[in-house]
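Here is the structure we will look at.
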Amino acid sequence: QVQLLESGGGLVQAGGPLRLSCAASGRTFSNYNMAWFRQAPGKEREFVAAISWSGVSTYYADSVKGRFTISRDNAKNTVYLQMNTLKPEDTAVYYCAARARSSVMAAGISQYDYWGQGTQVTVSS
């Protein structure tokens, strides 16, 4: 019901900011809860942040809390991940994910039905 396409990744110096975008297809973007996951080389995919259908509720992994901000613009069918004070350990492929609109937040990979192809974020020292 929805296709996702991430963009905005690239090379950034440690301490700098970067904003990722995830564009969703269709006219019912607000029917989905959205999230960001990431996967570093040789490691498991891990949860980063989630946002409710309305954008009112957000949830973050402890590793990014206070540095990253997830937001959405339903009029533009886009979810964002603003990353500040980036660290080398933030280097990973970042994936956008979607699940059917729900009143509860989710951080598990299996709880999301739709995935983008990912965008690479590399943080240099």
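We number each residue from 1, following the sequence as shown.
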Q: Please examine the side chains of Val48 and Tyr60, heavy atoms only from C-beta on, and report whether any two atoms are closer than 4.5 Å.
A: no

**Q.** Residue Glu89 excluded, over 12 heavy atoms near CD under 6.0 Å
**A.** yes

Q.
Which residues end up grouped with Tyr80 if you chain together Ile, Leu, Val, Met, Phe, Trp and Tyr wherever their side-chain heavy atoms are less than 4.5 Å apart?
A. none

Q: Quick one: closest heavy-atom pair of Ala35 and Ile70, and the distance?
A: CA-CD1, 4.4 Å

Q.
Clusters formed by hydrophobic residues whose side-chain heavy atoms approach within less than 4.5 Å: which one holds Met105, and what are its other members?
A. Phe37, Phe47, Tyr59, Val93, Tyr95, Ile109, Tyr112, Trp115

(Q) For the CZ atom of Arg38 and the CD atom of Glu44, what is their distance to the nearest 0.5 Å? (A) 14.0 Å

Q: Any chance you could measure Tyr114, atom OH, to Leu4, atom CG, to the nearest 0.5 Å?
A: 9.5 Å

(Q) Tell me if the CD atom of Gln39 is crowded by more than 12 foreign heavy atoms within 6.0 Å. (A) yes

Q: Decide yes or no for Gln82 and Pro17: does some side-chain heavy atom of the first lie under 4.5 Å from some side-chain heavy atom of the second?
A: yes

**Q.** In one Ile/Leu/Val/Met/Phe/Trp/Tyr side-chain cluster, 4.5 Å: Trp53, Trp36
**A.** no

Could you list the donor-acceptor pairs under 3.5 angstrom formed between side-chain atoms of residues 117-125 and any protein atom two or more places apart in sequence or on another chain?
unit_1	atom_1	unit_2	atom_2	d
Thr119	OG1	Gly9	N	3.2
Gln120	OE1	Thr122	OG1	3.4

Q) Can you name the closest pair of heavy atoms from Thr78 and Ser21 and give their distance? A) CG2-CB, 4.2 Å

(Q) Test of understanding: with salt bridge (Lys or Arg N to Asp or Glu O under 4.0 Å), list the residues that count as partners of Lys65, not counting sequence neighbours. (A) Asp62

Q.
Restricting to non-hydrogen atoms, name the atom on Ala40 and the atom on Ala92 that form the minimum distance, rounded to 0.1 Å.
A. N-CB, 3.7 Å

Q. Is there any salt bridge (Lys or Arg N to Asp or Glu O under 4.0 Å) pair reaching into residues 94-121, and which pairs are they, with sequence neighbours excluded?
A. none

Q.
Quick check: closest heavy atoms across Asn74 and Ser30, and the distance to 0.1 Å?
A. ND2-CB, 3.5 Å

(Q) Assess the residue pair Thr69 and Leu81 against the criterion (side chain to side chain contact (heavy atoms under 4.5 Å, CB included)); give the C-alpha distance rounded to whole Å, side-chain angles, the decisive distance to 0.1 Å, and a yes or no. (A) CA-CA 6 Å; Thr69 302; Leu81 184 67; over 6 Å; no

(Q) Can you confirm whether Met34 sits close enough to Cys96 that some side-chain heavy atom of one is under 4.5 Å from a side-chain heavy atom of the other? (A) yes

Q) Rounded to the nearest 0.5 Å, what separation is found between the SG atom of Cys22 and the CG atom of Asn77? A) 10.0 Å

(Q) Looking at Ser102, is its backbone amide N or carbonyl O close enough to the side chain of Asn33 to form a donor-acceptor pair, meaning the two atoms are under 3.5 Å apart? (A) yes

Q. Any side-chain heavy atom of Val79 within less than 4.5 Å of one from Glu6?
A. no

Q | Distance in Å, Leu11 CG paired with Thr91 OG1, rounded so as to fall on 0.5 Å steps | A | 8.5 Å

Q.
By the salt bridge (Lys or Arg N to Asp or Glu O under 4.0 Å) test, which pairs, at least two apart or in different chains, include something from residues 66-78?
A. Arg67-Asp90

Q) Where do Phe68 and Asn84 land on the side chain to side chain contact (heavy atoms under 4.5 Å, CB included) test, with the steps shown first? A) CA-CA 6 Å; Phe68 291 11; Asn84 296 325; over 6 Å; no

